[in-house]
Structure formats: C-alpha cells, structure tokens
Amino acid sequence: MILIIDDDVAVRASLSLFLKQAGFATAQAEGPEEALQVAAKQMPQLVLMDMNFALETTGEDGLQLLAQLKKLYPAVPVILITGWGSINLAVEGIKGGAADFITKPWNNDHLLQSIRTALELAQPTAEPTSGKLTRKSLDDQYDFSMIVGEDPGLLQVLRNVGQISATDASVLIEGDSGTGKELIAEAIHRNSHRRKAPFVKVNLGGISGSLFESEMFGHRRGAFTDAKADRVGRFEMANKGTIFLDEIGELDLSSQVKLLRVLQDRTYEVLGDSRSRHLDIRVICATNRNLQEMVAEGKFREDLYYRINLITVKLPALRERAQDIPRLVQHFVNNLKVTYHKQELQVSNKALKWLRELPLPGNIRELKNLVERTVLVSGKSLLEVEDFQNQLQGGSRKLDEKLLPSVGAMTLDELEANMIKKSMAYYSNNVSKVAKALGVSRGSLYRRLEKFNIPYDTAE
C-alpha cells in the first residue's frame with residue numbers, strides 16, 4: 001500500500017487514481033495526525049507526502065512528520081512532493097531520510113519511475129550463498145567483462161554496481177582520475193533494463209557555459225548566429241537509455257541550474273523551439289572532486305548534489321588494490337599483442353613484481369600509458385624492469401632545481417601561467433594534449449587559460 005499525504009483533496013484523488021491504474025493499492029491522509037493513524041493500522045510500502053500542511057508554508061510540520069515516520073518505520077521509503085520554489089525544503093527532507101523529491105506539477109512517468117526505484121532499493125539485498133565474494137560468482141550474475149580485477153575492495157564495488165543496475169536510481173561515481181569511472185558507468189548500463197538503448201557519454205569539463213544548452217539540449221537552425229543547421233542534443237540522443245555526465249564538478253553554477261531543471265522535471269526545450277520534450281532517461285554522473293566540500297563553499301548547488309547521488313559508488317585508487325596491477329598489465333599486453341601484431345610479447349615476473357610496488361598517482365590510465373609506451377619504445381618481446389624504468393624516467397615530472405626561479409623571484413600564479421604558456425606553445429595550442437601533459441582536466445585548464453588571459457582555439 002502507498003500512503004498519500006496531502007491537504008489538497010484534488011491532489012490526493014489524482015495521485016490515488018494514477019497509482020491504482022499503475023497497479024498499486026493506496027490510502028489517503030489529509031494531514032500528519034491522520035497519516036500516523038492510517039500507518040498504524042497498516043504499514044505502508046511507501047509514503048508519498050507533501051511538505052506543507054499549514055498556512056505559513058514553512059514546511060516545519062512536514063519535516064516533523066517525516067521525522068516521525070522514519071522513526072516509526074525506518075525501512076519505508078518516503079518521496080516528497082513540493083513546488084519548485086520549495087526545493088530547499090525538499091533538500092532538508094532528503095537530509096532527514098527521504099528517498100527522493102518530486103516537484104509539482106509532476107510528470108506521471110517520472111513519478112512512477114521514482115516510486116519503483118525507491119521500492120526496489122528498499123528491498124533487502126541477498127547475501128552471497130558462500131562466505132566469500134568471488135569474481136566468478138559476480139561474473140555468473142552480471143556482465144563485467146570490461147573490468148579487470150579481483151581485489152576484495154573492487155569486488156564489493158562490483159557487487160553493489162550489479163545490484164543497483166536493475167534500478168533506475170541516479171548514481172554518482174566518485175574516484176581519483178584514471179580509476180575507471182567511465183567503465184563502471186558503462187557496466188551499470190550494460191546490466192540494466194536499458195542495455196539495448198543508447199549509452200551517451202558527455203565530458204562536462206570540455207563544454208563551456210555558453211555552449212551548454214546547445215550541446216545538451218540541441219538547437220534549431222537560426223536559433224543563434226552560428227546555428228546554420230539543426231543539432232540534436234545529448235539528452236535527446238540518450239532518450240530511453242543512459243546518459244553519463246563525466247566531470248560534473250567542473251560545471252559552472254549557471255549550467256547547474258539548467259541541468260537541475262531537466263533532471264527534476266524530465267523535460268527540456270531545444271533552443272529555437274518552444275515545445276517542451278519529455279525524457280525517459282537514467283542519469284549517471286562522475287567526478288574526481290569532493291562535491292560536498294564544493295557545496296559548503298557555494299561552488300556546487302546542494303539541490304543538484306542530492307538529485308544526482310541517490311546512490312554513490314566510490315572507486316578505490318590503484319594503490320589500494322595493488323594486487324590487481326599484474327592482471328591489468330597482462331590485460332594491456334594482450335590487447336597490444338593484437339594492436340601491434342606482436343604475439344610473442346611478454347612481461348617478466350620480476351617486472352610485474354616491480355610494477356606492483358610502483359606508486360601510480362595516475363592510477364589505471366597511467367599504468368596503461370606506461371605499458372604501451374614501453375612496448376613501443378623498447379621494441380622487445382620480453383619486457384624487463386629496466387625497460388619500464390627507462391620510460392618512467394623519460395616521463396618523469398621531477399623538476400631540475402637549476403631550472404626553477406629563485407625563491408621570491410616569481411609568484412605561484414606567474415609560475416603556473418608561464419608553464420601553461422610554454423605547454424601551449426609546445427603542443428601547438430592543443431588543449432587536450434596540454435591538459436594531459438599538465439595532469440589536469442580540460443575544464444580546469446580552460447579556467448586557467450581564462451584566468452591568465454592566455455589565448456586558445458575554441459574550435460578544438
């Protein structure tokens with residue numbers, strides 16, 4: 001039974017009729033007192049409640065009712081329904097234990113998706129039959145063919161990924177650069193009911209604020225000066241499937257508002273076309289930044305933060321799963337055998353052991369680049385420790401103290417600007433290559449280029 005709590009009889013009737021048509025039994029309550037009485041007679045599967053039951057519309061009575069319901073029935077998910085202007089109140093409700101929040105007027109499909117997701121997540125998860133979680137047991141249930149590793153910490157992550165894949169819950173993937181966040185996002189999609197629909201990847205760090213709407217929502221010919229043809233936006237490409245928003249921490253505040261509107265209402269408008277379009281989509285986001293700190297600093301919207309992280313997946317750094325390094329090296333070598341037609345290619349056991357002890361701040365991406373660079377430069381069939389050492393030293397970022405300015409001769413900003421200018425000149429203004437060389441994201445590099453007034457080609 002779904003308990004609907006709202007002081008507006010029309011809202012209660014509308015929701016009750018819609019949910020009954022969707023196959024759910026419902027009960028109704030006008031306010032907090034009646035809601036607690038109904039729940040006491042029959043514990044609901046889910047509660048759908050408004051936040052305001054008084055003329056003051058402060059939401060305090062709604063927050064109090066939420067606290068009472070979570071204390072009495074902690075396992076029962078609660079979805080809040082509120083107006084767009086009361087989203088801050090809904091965020092307080094999420095902090096108080098609510099599973100999700102929907103704004104009025106709601107989209108029926110999105111509401112139903114939210115209810116089903118909350119119910120699925122509320123189901124107790126089955127424990128593995130054996131005491132030990134193994135890679136084989138996971139591979140028997142899910143498709144993780146793209147992910148290499150058997151570290152216990154990684155296996156726990158994969159188990160969680162498999163379990164949440166069946167839902168439509170929004171997922172936030174956190175982890176250092178190079179830990180494989182995109183592969184995890186793709187694994188969620190491949191194991192979901194949307195697997196046959198599109199999986200669209202978007203690097204938000206590479207999209208400037210001025211181009212955000214055109215890139216994400218599309219535009220009609222003539223919508224602005226350079227709009228010489230219609231453009232399909234990323235959301236439309238991903239409709240019915242999954243959209244992966246990488247580097248979401250790089251998004252400016254103005255674009256965050258526009259993104260929140262879409263994720264909240266599941267509607268958007270193409271630039272130059274006033275007709276609203278509906279979305280049926282799953283959203284997965286990723287970041288290597290601490291979004292909670294950014295929220296506290298006012299750099300990331302709190303309401304957007306709670307909208308995108310119904311489920312959080314934290315990926316371990318490679319240093320935390322060092323036992324997987326030999327497996328990853330062998331995986332890369334096997335791929336390179338095919339790519340470079342070198343079937344005899346091997347890595348010595350001594351080299352594998354040495355690589356396992358190597359500090360790799362760039363994680364899997366750094367390891368992959370090191371292996372491929374060593375294969376290409378050494379030209380050998382059997383790779384030894386010294387072959388990897390040569391490439392590691394060749395790519396080392398240690399600075400010769402003689403090349404550094406004397407203390408006090410240059411500020412950090414001046415030093416940073418000078419390094420960026422030299423890198424831009426060296427890589428012929430290729431922003432992607434410069435960002436990779438300096439170890440920053442494209443979005444971070446763009447901000448520095450603008451900060452130091454360094455010219456760059458926006459057409460790249």
Side-chain angles (χ1 to χ4, degrees), residues 82-88 90-91 94 100-103 106-107 109-110 113-114 117 168-174 181-182 185 188-189 198-219 223 231-273 276-292 294-295 297-312 441-444 446-447:
T82 185
W84 176 262
S86 303
I87 286 187
N88 288 339
V91 168
I94 294 290
D100 200 357
F101 63 94
I102 303 291
T103 53
W106 63 83
N107 174 281
D109 291 337
H110 181 39
Q113 183 186 76
S114 178
T117 296
D168 269 326
S170 58
V171 180
L172 175 63
I173 306 172
E174 297 179 331
K181 295 186 288 294
E182 184 178 318
I188 294 172
H189 175 73
F199 176 75
V200 176
K201 297 175 280 189
V202 186
N203 186 335
L204 294 177
I207 300 177
S208 65
S210 59
L211 295 176
F212 180 79
E213 287 183 273
S214 174
E215 287 284 342
M216 301 305 294
F217 312 141
H219 63 247
R231 180 187 180 90
V232 177
R234 307 296 182 89
F235 277 109
E236 187 173 344
M237 291 179 188
N239 200 24
K240 304 295 182 184
T242 303
I243 191 164
F244 174 49
L245 305 177
D246 198 8
E247 294 194 39
I248 193 164
E250 306 297 333
L251 208 57
D252 63 79
L253 287 170
S254 173
S255 298
Q256 288 177 31
V257 175
K258 297 167 186 173
L259 178 60
L260 178 63
R261 284 272 184 183
V262 179
L263 301 188
Q264 184 63 48
D265 302 333
R266 287 301 198 269
T267 61
Y268 69 100
E269 291 180 2
V270 174
L271 286 176
D273 185 349
S276 291
R277 305 183 183 208
H278 293 283
L279 280 172
D280 173 12
I281 202 170
R282 184 185 194 155
V283 179
I284 303 175
C285 300
T287 183
N288 58 6
R289 305 184 69 177
N290 189 323
L291 294 188
Q292 286 184 310
M294 291 181 67
V295 168
E297 294 168 359
K299 297 177 181 178
F300 198 87
R301 291 183 63 96
E302 188 175 34
D303 42 16
L304 178 59
Y305 175 69
Y306 284 107
R307 172 55 64 202
I308 64 176
N309 77 333
L310 187 57
I311 299 290
T312 300
S441 69
R442 283 169 55 104
S444 296
Y446 278 126
R447 286 198 299 275

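In this chain, numbering begins with 1 at the start of the sequence shown.
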Excluding sequence neighbours, so at least two apart, what forms salt bridge (Lys or Arg N to Asp or Glu O under 4.0 Å) with [X]?
{"X": "Asp273", "answer": "Arg220, Arg277"}
{"X": "Glu250", "answer": "Arg289, Arg447"}
{"X": "Arg282", "answer": "none"}

Checklist entry - Does Arg301 make a cation-pi contact with Tyr306 (under 6.0 Å, within 45 degrees of the axis)? => result no

- Message: For Asp246 and Lys201: C-alpha separation, side-chain torsions, deciding distance, then whether side chain to side chain contact (heavy atoms under 4.5 Å, CB included) applies.
- Response: CA-CA 7 Å; Asp246 198 8; Lys201 297 175 280 189; over 6 Å; no

Applying side chain to side chain donor-acceptor pair (under 3.5 Å) to Thr287 and not counting sequence neighbours gives none

Residues passing the side chain to side chain donor-acceptor pair (under 3.5 Å) test with Ser208, sequence neighbours excluded, are Ser210

- Message: Counting only heavy atoms from other residues, nucleotides and ligands, does the tally under 6.0 Å from NZ of Lys258 exceed 12?
- Response: yes

So, does [X] use its side chain to make a donor-acceptor pair with the main chain of [Y] at under 3.5 Å?
{"X": "Gln256", "Y": "Lys299", "value": "yes"}
{"X": "Thr117", "Y": "Gln113", "value": "yes"}
{"X": "Asp252", "Y": "Ser255", "value": "yes"}
{"X": "Arg307", "Y": "Phe101", "value": "yes"}

Distance (rounded to the nearest 0.5 Å) between [X] [atom1] and [Y] [atom2]:
{"X": "Thr312", "Y": "Glu174", "atom1": "OG1", "atom2": "CD", "value": "5.5 Å"}
{"X": "Ile308", "Y": "Ser170", "atom1": "CD1", "atom2": "OG", "value": "7.5 Å"}
{"X": "Leu310", "Y": "Leu172", "atom1": "CG", "atom2": "CG", "value": "11.0 Å"}
{"X": "Leu245", "Y": "Leu204", "atom1": "CG", "atom2": "CG", "value": "5.0 Å"}
{"X": "Arg442", "Y": "Ile207", "atom1": "CZ", "atom2": "CD1", "value": "9.5 Å"}
{"X": "Gln264", "Y": "Thr267", "atom1": "CD", "atom2": "OG1", "value": "10.0 Å"}

For a quick test of reading the model, state the closest non-hydrogen atom pair linking [X] to [Y] and the distance between them.
{"X": "Leu260", "Y": "Leu304", "answer": "CD1-CA, 3.9 Å"}
{"X": "His219", "Y": "Ser214", "answer": "ND1-OG, 2.7 Å"}
{"X": "Gly249", "Y": "Leu291", "answer": "CA-CD2, 3.9 Å"}
{"X": "Asn107", "Y": "Asp265", "answer": "CB-O, 4.0 Å"}
{"X": "Ile311", "Y": "Ala169", "answer": "CG1-CB, 3.9 Å"}
{"X": "Thr82", "Y": "Ala90", "answer": "CG2-CB, 3.8 Å"}

Any heavy-atom pair between the side chains of Phe212 and Leu251 that's under 4.5 Å? yes

Ile243 vs Leu279 side-chain heavy atoms within contact, under 4.5 Å
no

Notebook entry, point to check: Yes or no on side chain to side chain contact (heavy atoms under 4.5 Å, CB included) for Gln292 and Tyr305, after CA distance, side-chain angles and deciding distance?
Noted result: CA-CA 8 Å; Gln292 286 184 310; Tyr305 175 69; 3.1 Å; yes

Which pairs would a plain distance check flag for residues 233-240, meaning a side-chain donor or acceptor within less than 3.5 Å of a matching protein atom at least two apart in sequence or in another chain?
{"from": "Arg234", "atom 1": "NH2", "to": "Glu215", "atom 2": "OE1", "distance (Å)": "3.0"}
{"from": "Asn239", "atom 1": "OD1", "to": "Asp280", "atom 2": "N", "distance (Å)": "2.8"}

Using only heavy-atom distances, determine whether the side chains of His278 and Asp109 contain a donor-acceptor pair under 3.5 Å.
-> no

For Phe244 and Phe199, take the angle between the two ring planes, folded into 0 to 90°, and tell me which bin it lands in: parallel under 30, tilted 30 to 60, perpendicular over 60. parallel

